[in-house]
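Written out below as structure tokens is the structure these notes cover.
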Amino acid sequence: MQTQITALLSELAEVRTFAAGVRDERRKMIEEVQATPAYLALDEATNEADQTITELEKQIRDMTLEVYYADAQLPKGVDVKLFTVVNIPDEGKAKEWALRNFTPALKLDLKAFEKAAKDGGIPSELATVSKEARAQIATKL
């Protein structure tokens with residue numbers, strides 16, 4: 001079994017080296033393409049087009065809301081949807097109220113709970129802490 005593991009580790013080292021090499025070649029190729037004038041021009045054109053799209057969409061949304069609030073007919077291609085929005089001005093007060101009155105609104109912070117369990121602050125009927133064996137493979141083979 002040990003010789004099989006050693007053989008597999010050797011194969012893994014070779015494949016990792018190969019993968020690192022092809023990743024490096026791919027990165028270099030991408031960098032070369034990104035440095036060409038054609039790519040730079042396309043990149044600039046894309047950014048300008050995206051910025052123009054964002055500006056036009058904002059103008060259309062703003063004007064559509066103006067028309068909507070003026071009770072006028074909306075042109076084809078736009079619509080207004082109503083969304084229910086909840087504003088919680090003081091989350092601390094909301095949390096205090098939820099602790100007393102509405103516990104379904106509270107969510108268990110698993111990371112904090114697990115840390116407290118590891119530190120011994122959680123009763124054993126709620127969480128147990130044990131050791132688990134996991135195989136680790138060295139990064140540098």
Spatial distance of atom CE (Met63) from atom CD (Gln59) [nearest 0.5 Å]: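 CD of Gln59 is found 7.5 Å from CE of Met63.
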Would you compute the distance between atom CG of Asn101 and atom OG1 of Thr103 and round it to the nearest 0.5 angstrom?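 Interatomic distance, Asn101 CG to Thr103 OG1, rounded to 0.5 Å: 9.5 Å.
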Return the minimal non-hydrogen interatomic distance between Ala117 and Ile122, and the atom names on each side.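 So the two residues come closest at N-CG1, 3.5 Å.
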Contacts table for residues 70-89: side-chain donor-acceptor under 3.5 angstrom, sequence neighbours left out:
none

Report, one line per pair, each donor and acceptor closer than 3.5 Å where one atom sits in a side chain of residues 2-9; sequence neighbours left out.
residue: Thr6; atom: OG1; partner: Gln2; partner atom: O; Å: 2.9

Answer yes or no: does atom OH of Tyr68 have more than 12 heavy-atom neighbours from other residues, nucleotides or ligands under 6.0 Å?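 Not buried by this count: 12 neighbours or fewer within 6.0 Å.
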According to side chain to side chain contact (heavy atoms under 4.5 Å, CB included), who are the partners of Ala98, at least two apart in sequence or on a separate chain?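 Only Ala105, Leu106 meet the side chain to side chain contact (heavy atoms under 4.5 Å, CB included) criterion with Ala98.
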Strictly by salt bridge (Lys or Arg N to Asp or Glu O under 4.0 Å), give each pair with a member in residues 114-135 just once, sequence neighbours left out.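 Of all non-adjacent pairs touching residues 114-135, those that pass salt bridge (Lys or Arg N to Asp or Glu O under 4.0 Å) are Lys115-Asp119, Glu132-Arg134.
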Hey, is the main chain of Ser124 close enough, under 3.5 Å, to the side chain of Thr128 for a donor-acceptor pair?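 Judged by distance alone, no pair lies under 3.5 Å.
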Test log, rule side chain to side chain contact (heavy atoms under 4.5 Å, CB included), inputs Asp24 and Lys28: CA-CA 6 Å; Asp24 191 46; Lys28 287 178 185 175; 3.3 Å; yes
Side-chain atoms of residues 31-40: list all donor-acceptor pairs with protein atoms under 3.5 Å, sequence neighbours left out, distances to 0.1 Å.
residue: Glu31; atom: OE1; partner: Arg27; partner atom: NH1; Å: 3.2
residue: Glu31; atom: OE2; partner: Arg27; partner atom: NH1; Å: 3.0
residue: Thr36; atom: OG1; partner: Val33; partner atom: O; Å: 2.7
residue: Thr36; atom: OG1; partner: Tyr39; partner atom: N; Å: 3.3

Flag the pair Ile53 / Glu57 as yes when at least one side-chain heavy-atom distance between them is below 4.5 Å, and no otherwise.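 In short, these two side chains touch, coming nearer than 4.5 Å.
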Verify same cluster id: Tyr69, Ile60 (apolar side-chain graph, 4.5 Å):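 Yes.
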Test Lys58 against Thr54 for side chain to side chain contact (heavy atoms under 4.5 Å, CB included), laying out the working first. CA-CA 6 Å; Lys58 182 183 179 335; Thr54 300; 5.8 Å; no
Name each donor-acceptor pair under 3.5 Å that joins a side chain in residues 44-52 to protein atoms two or more places apart or in another chain, with its distance.
residue: Thr46; atom: OG1; partner: Leu42; partner atom: O; Å: 2.7
residue: Asn47; atom: ND2; partner: Asp43; partner atom: O; Å: 3.3
residue: Gln51; atom: NE2; partner: Glu55; partner atom: OE2; Å: 3.4
residue: Thr52; atom: OG1; partner: Glu48; partner atom: O; Å: 2.9

